[in-house]
Amino acid sequence: MADLTKSGGGLSYRRHFAWTGKVARTVATVATTFLGLLLVTFLIGRVVPVDPVLAAVGDHASATTYERMREQMGLNLPLWQQFANYVGNILRGDMGQSVLTARPVLEDIGRVFPATLELATVATVLGILIGVPAGVLAAVHEGKLIDQIVRFLGLIGYSVPVFWLGLVGLLVFYAKLGWVAGPGRVDFGYDGVVDPVTGLILVDSLLQGETGIFFNALTHLALPACLLAYFSLAYIARMTRSFMLEQLRQEYIVTARVKGLPERVVIWRHALGNVAVPLVTVIALSYANLLEGSVLTETIFAWPGLGQYITNSLLNADMNAVLGGTIVVGAVFIGINLLSDMLYLTLDPRARR
Amino acid sequence: MITRDWLLSVSPESQMQARLGRIYVGWLAFRQNRLAMLGLGIIVLLIVVAALADVLAPHNPISGQLVQRLKPPGGDFLLGSDDQGRDILSRILYGSRYTLLIVALVAVTAAPVGLIVGTAAGFLGGWTDIVLMRITDIFLAFPKLILALAFVAALGPGIENAILAIALTSWPPYARVARAETLTVRNAAYMAAAKLQGISSARQIVGHIAPMCIPSLIVRVTLDMAGIILTAAGLGFLGLGAQPPMPEWGAMIASGRQFLLDQWWVATMPGIAIFIVSLGFNLFGDGLRDVLDPKRGQ
């Protein structure tokens, strides 16, 4: 690869080539990762003690019916061929039927995913808006009170169980103080009033002019979103702080100060500008983690999202739904990581070399 | 004072003296960090409580008296009683055993696996490295809790399977750490000397490379402990970890959930226990990192 680059034409061509090479390698990496994900879910599906043939034909089927069904389901094939079929099915979007809802798993997931997305997105936006400035301030005033507070809040965020904090939040802000609405996405009376266009209830209610529902949904969203935002900002602030501390020690900062630039510009433009690139990765990671970490939060807040769907299916031994959900979460995880890698390549010229 | 001089001697006479001296210097640095000492105190307390739960617990953790159900904190029940009339304090004291068991078992299974994979990949290089790191990356790309959930769903709920599932999802970062350390020492002069003596690859890895990886690995594992405790509690909360009537903290929170509004103490008390222990591991891990791995401190 190095030789090829050398023999390439002008500088822009060479750069372009290096970039394409990186992208191609990233895509190959993502493909193998996804294949690995499918291999793991496939193997998990294999070790489940439930016999899928027996589940399909019932206890009283004769040996010939059983055998015929087994062949029909492709379970008599060698394992690698079964896996190939499985990958083919998943790529075609066929994750099997959910036993619990009697609908295709992918359709179910399409219905519940927007709720998770809405929660995680609001939480991440809050996390960035508070976490980044908090991290910057902590780094600038290293060792001072604000730094201690940010570090303390971060430490708690790393140590407290999310489901417990959710319960305490419900107890205090819903039951005792009555500041926010309880579990669920909207009040019972409003359930199903808004047509799911995007599936994001805040957007849908506004599109259809239902401001009452919008504000009701907002009071429901407030507590779980703030809860997840706390975990997100604890992480973002901690990373921002440590990136900033590293930048503030660099010589260009001294140069900027010597030039007489206002401290505001030195910190928020020069230093933070250089932190922005690694920060994108951190934010992407935290976003992906929220999509996943919502499993427990959704259970606490009866939030009808992907996490609750997975846990409900789990408790009802609905393996197709559990594995389908695992694949979707894994794919989202991989996708977000890919996106942040690409952003990194685009934003940071050094990474392209 | 004589021991102190012996430990701090600049010209140790034996390997053991040098080693103990290094540990002692580390301890002196660690002792300066008050928060880290607090963390160590919490961990020691956890171990003591787990060992002496039989003596310390005022009541039976498994069977209670229904007439005493849902008593508020105070009096005979310091932290209140749950819906089956069991003393919550006693259950928390006994529950520390499960927490300690989970943490210890995950650490002794996941860390060696990560160490072996990482050192082998870094030392052998080439295709072995590519394949092993590909597998590691695949596991790293997975959402941890979801993967643990899927494993437990397949294997069936229970504390052993929860531990297995957490261990299966915990080793990849350790492999990464071990590989990075291996790459830094692989071409060191002392490795060349070892090779010239003609020792086998396996002995080079076990005897000369793995020991260099252990400090970073210990730091990483300690910092992960809090996460392991939280994941285990999460699995317990969802009913997939320890099964009733075991006094596992996550499961205790789940059972107190339905009484949250009127008997808040049933769900909140075990949560405080989880929080204190995770905090202890986090503080201890941070302090340990500053001593063992000052490069990455911050």
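The sequence lines fix the lettering, A, B, ..., with proteins before strands; numbering per chain opens at 1. Predicted model only: the values in this text are computed from it and were never measured.
- Heavy atoms closer than 4.5 Å to chain A are found nowhere in B:Phe281, neither backbone nor side chain.
- Contact of A:Phe163 with chain B is made through the side chain alone, with heavy-atom distances under 4.5 Å.
- The interface of residues 251-259 of chain B with chain A, defined by heavy-atom distances below 4.5 Å, comprises B:Ile253, B:Arg257.
- For residues 224-232 of chain B, the interface with chain A (any heavy-atom pair closer than 4.5 Å) comprises B:Ala226, B:Leu230, sorted by residue number.
- Put simply, of B:Gly280, B:Ala150, B:Gly271, B:Ala233, the one with the most heavy-atom pairs under 4.5 Å next to chain A is B:Gly271.
- Within the 4.5 angstrom heavy-atom criterion, atoms from both the backbone and the side chain of A:Leu167 approach chain B.
- Here CG of A:Leu170 is found 8.0 Å from CG of B:Leu261. Values are rounded to the nearest 0.5 Å.
- The distance from the CD1 atom of B:Ile138 to the CZ atom of A:Phe34 is 12.0 Å, given to the nearest 0.5 Å.
- Atom CG of A:Leu296 is separated from atom CG of B:Leu145 by 5.5 Å, given to the nearest 0.5 angstrom.
- Your options are B:Leu35, B:Asp137, B:Asn282, B:Leu283, and the one with the most heavy-atom pairs under 4.5 Å with chain A is B:Asn282.
- Contact tally against chain B (heavy-atom pairs below 4.5 Å) for A:Val168, A:Val332, A:Ile300, A:Leu39: the top residue is A:Ile300.
- Your options are A:Ile334, A:Ile310, A:Leu35, A:Leu314, and the one with the most heavy-atom pairs under 4.5 Å with chain B is A:Leu314.
- Note that OG of B:Ser278 is 10.0 Å distant from CG of A:Leu155, once rounded to the nearest 0.5 Å.
- Heavy atoms closer than 4.5 Å to chain B are found nowhere in A:Ser313, neither backbone nor side chain.
- Heavy-atom distances place both the backbone and the side chain of A:Thr32 under 4.5 Å from chain B.
- Not counting sequence neighbours, the partners of A:Asp108 by the salt bridge (charged side-chain N to carboxylate O under 4.0 Å, His left out) test are A:Arg103, A:Arg111.
- The stretch residues 234-241 of chain B places B:Gly234, B:Phe237, B:Leu238, B:Leu240 near chain A, each with some heavy atom under 4.5 Å from a heavy atom of that chain.
- Contact detail for B:Trp264 and A:Leu171: the closest heavy-atom pair is CB-CD2, 3.5 Å.
- Taken to the nearest 0.5 Å, the CG atom of A:Leu37 stands 8.5 Å off from the CG atom of B:Leu147.
- Interatomic distance, A:Ile44 CD1 to B:Leu149 CG, rounded to the nearest 0.5 Å: 10.0 Å.
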